[in-house]
Amino acid sequence: MAESVYPAVDTGGRWTDERVAVKRALQGLGWEPGGFEVRVVEGDAWWGDAEATVRFASPRERGPATQREVVMRWYRARDAEGRLVEGAVAHPTLVLVHSLHPGMVLARAIARGVSDAGWHVLVMELPGYGDRRGRRGAFAGMVAIEDGVQAVADARRAWDAVRVLPGVDGERVSLGGVSLGGVVAATAGGLDGGLKPPAKRGSEGVGYRSLHVLFAGGDLWDGVLGKPAKDAVFVRRAFERQPGGLAALRERLKGLEPVRLAHRLDPERVWLISAADDMVFPAASAAAWADAVGVEGLPVEHRVVFAGQHYTAALALPAVVGELVRQLGVVGEAGEE
């Protein structure tokens with residue numbers, strides 16, 4: 001099958017912060033920046049519902065060879081009649097990290113809905129999922145958490161990868177994540193010390209234009225996996241059967257904890273979508289992260305709550321997609337007035 005190759009260069013990999021603990025956290029999440037190739041193959045051999053598959057090397061080599069290559073399913077932008085958008089016009093883009101579910105069902109459905117609204121959407125596979133599977137019989141969710149630092153690095157390098165793709169507006173690339181993917185996205189979003197300002201402000205800036213966290217939160221040990229429910233129970237049990245047990249799980253969660261970097265985010269460019277009765281990421285978990293964003297926390301108008309719990313909220317998918325599209329459309333308006 002024909003393959004297109006595009007050269008890219010890391011703009012991330014090294015970060016620092018005035019706070020010693022945060023500086024150490026950033027060093028633990030960083031890597032040696034360099035050049036890399038972005039490969040695009042038309043079609044989606046895994047799920048069959050995306051228009052193309054994008055691949056590039058993970059900036060952090062972990063696990064088997066299959067896991068060391070980042071894979072993204074590209075849902076290309078469509079017009080009002082549902083036709084793929086062609087031509088030289090560049091379109092805004094969303095990098096979306098999926099949830100714990102091995103079928104990535106919710107992320108794929110959201111991707112199709114947002115692409116129908118005229119956005120390119122690339123669903124990034126976490127380590128252990130899809131084409132990034134490696135160890136036979138391994139629980140994908142456990143792999144994703146064990147190698148969560150790799151997942152965060154992958155999500156950040158994805159910004160540099162996506163911007164070299166044809167038809168992508170490099171000034172309008174946003175990051176989102178669902179459930180476990182929301183945790184990865186929230187942590188990756190905090191790396192650059194504030195999201196990218198709109199072009200009208202002057203300098204181009206580095207990093208994603210906005211961050212959209214869906215059905216996720218922070219305080220991962222005490223608020224989510226220390227007293228788990230539903231999906232979190234499966235993760236906890238998987239670690240209990242492994243060497244190191246829950247102590248290993250708690251240690252791995254430190255690398256993923258989004259609260260540590262939340263103060264680096266620009267609250268005007270961050271949104272949180274939650275479920276009112278979420279039992280996996282309870283209200284306290286969502287608030288732990290949202291309250292830590294920026295200096296004074298995430299504005300009330302950037303905290304959107306839907307009725308239902310972690311799973312039934314998916315029944316409101318059209319409304320969730322509509323809200324996400326609205327957020328993506330208004331990014332930067334306040335700063336450009």
Side-chain angles (χ1 to χ4, degrees), residues 10-31 33 58-60 94-97 124 126 144-145 147-162 173-197 205-221 223-224 252-274 281 285-299 302-303 327-328 331-332 335:
D10 282 316
T11 57
R14 297 174 180 169
W15 298 273
T16 190
D17 194 278
E18 294 179 353
R19 307 182 190 184
V20 175
V22 178
K23 181 178 180 180
R24 289 174 180 167
L26 291 168
Q27 291 173 339
L29 291 166
W31 67 90
S58 171
R60 297 182 66 106
L94 173 68
V95 173
L96 184 65
V97 190
M124 189 194 91
L126 290 167
I145 292 175
D147 296 327
V149 169
Q150 180 186 38
V152 171
D154 295 343
R156 173 55 183 84
R157 177 174 269 192
W159 183 75
D160 292 304
V162 165
V173 180
S174 297
L175 176 64
V178 186
S179 193
L180 174 59
V183 172
V184 171
T187 302
L191 290 175
D192 288 307
L195 299 173
K196 181 177 179 178
V206 173
Y208 287 101
R209 187 177 177 82
S210 61
L211 173 64
H212 308 264
V213 175
L214 289 77
F215 310 118
D219 192 20
L220 300 181
W221 176 254
V224 180
R252 295 297 189 188
L253 291 178
K254 291 180 182 178
L256 271 174
E257 180 56 66
V259 170
R260 298 185 305 169
L261 305 183
H263 68 283
R264 296 167 59 84
L265 292 165
D266 177 356
E268 292 302 319
R269 302 188 178 281
V270 177
W271 278 264
L272 173 64
I273 295 178
S274 302
F281 287 92
S285 169
W289 176 71
D291 290 346
V293 170
V295 177
E296 299 180 351
L298 199 59
H302 283 224
R303 308 186 192 199
Q327 295 172 7
L328 290 165
V331 169

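Counting begins at 1 with the first residue of the sequence. In what follows, every heavy atom counts, from backbone to side chain, and hydrogens, waters and symmetry copies are set aside.
Closest heavy-atom contact between Ser274 and Ala286: OG-CB, 3.9 Å. Nearest heavy atoms, Gly218 versus Ser285: O-OG, 2.7 Å. Shown here for Ala292 and Val259, the closest heavy-atom pair between the two residues is CB-CG1, 4.1 Å. The two atoms that bring Ala144 and Leu180 nearest to each other are CB-CD2, 4.1 Å, heavy atoms only. Here the closest non-hydrogen pair linking Gly189 and Leu265 is O-CD2, 3.3 Å. The minimum heavy-atom distance between Leu29 and Leu261, with the atom names listed, is CD1-CD1, 3.8 Å.
Between Asp147 atom CG and Arg252 atom CZ the span is 6.5 Å, to the nearest 0.5 Å. Rounding to the nearest 0.5 Å places OG of Ser174 at 11.0 Å from CG of Leu96. For the atom pair CZ (Arg24) and OG1 (Thr16), the distance works out to 12.0 Å, reported to the nearest 0.5 Å.
Here the side chains of Val149 and Arg60 are in contact, with some heavy-atom distance below 4.5 Å. For the pair His302/Glu268, a side-chain contact is recorded, criterion being any heavy-atom separation below 4.5 Å from C-beta on. Inter-residue side-chain proximity for Val97 and Val178 is flagged as unmet; no heavy-atom pair is nearer than 4.5 Å. Residues Leu191 and Leu26 have side chains in contact (heavy-atom distance under 4.5 Å, counting atoms from C-beta outward). At a threshold of 4.5 Å between non-hydrogen side-chain atoms, the residues Val213 and Ile273 do not count as touching. A heavy-atom distance below 4.5 Å is found between the side chains of Val95 and Tyr208. Contact check for His263 versus Val293: no side-chain heavy atoms found under the 4.5 Å cut-off. Looking only at side-chain heavy atoms (C-beta outward), Leu298 and Trp271 stay at 4.5 Å or farther from each other.
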Next item on the list: Take His212 and Leu328, measure what side chain to side chain contact (heavy atoms under 4.5 Å, CB included) needs, and give me the verdict at the end.
Entry: CA-CA 9 Å; His212 308 264; Leu328 290 165; 3.4 Å; yes

Notebook entry, point to check: Under the side chain to side chain contact (heavy atoms under 4.5 Å, CB included) criterion, do Asp192 and Trp15 qualify, and how do the steps go?
Noted result: CA-CA 7 Å; Asp192 288 307; Trp15 298 273; 3.0 Å; yes

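In summary, Asp266 and Arg269 engage in a salt bridge, as defined by a charged side-chain N under 4.0 Å from a carboxylate O.
In this structure, a donor-acceptor pair under 3.5 Å is present between the side chains of Asp154 and Ser58. Side-chain contact annotation: Asp219 with Trp289, donor-acceptor N/O pair under 3.5 Å absent. Side-chain N/O atoms of Asp10 and Trp31 include a donor and acceptor closer than 3.5 Å. A donor-acceptor contact closer than 3.5 angstrom links the side chains of Arg156 and Thr11.
A salt bridge (Lys or Arg N to Asp or Glu O under 4.0 Å) check over residues 11-20, counting only residues at least two apart or in different chains, returns the pairs Arg14-Glu32, Asp17-Arg264. Within the structure, every pair that satisfies the salt bridge (Lys or Arg N to Asp or Glu O under 4.0 Å) test and touches residues 288-299, not counting sequence neighbours, is listed here: Asp291-Arg303.
Checking side-chain atoms of Thr187 against main-chain N and O of Leu256 turns up a donor-acceptor pair under 3.5 Å. Arg157 places no side-chain N or O within donor-acceptor distance of the main-chain N or O of Gly13, the cut-off being under 3.5 Å.
Partners of Ser179 under the side chain to side chain contact (heavy atoms under 4.5 Å, CB included) rule, at least two apart in sequence or in another chain, are Ser99, Phe281, His310.
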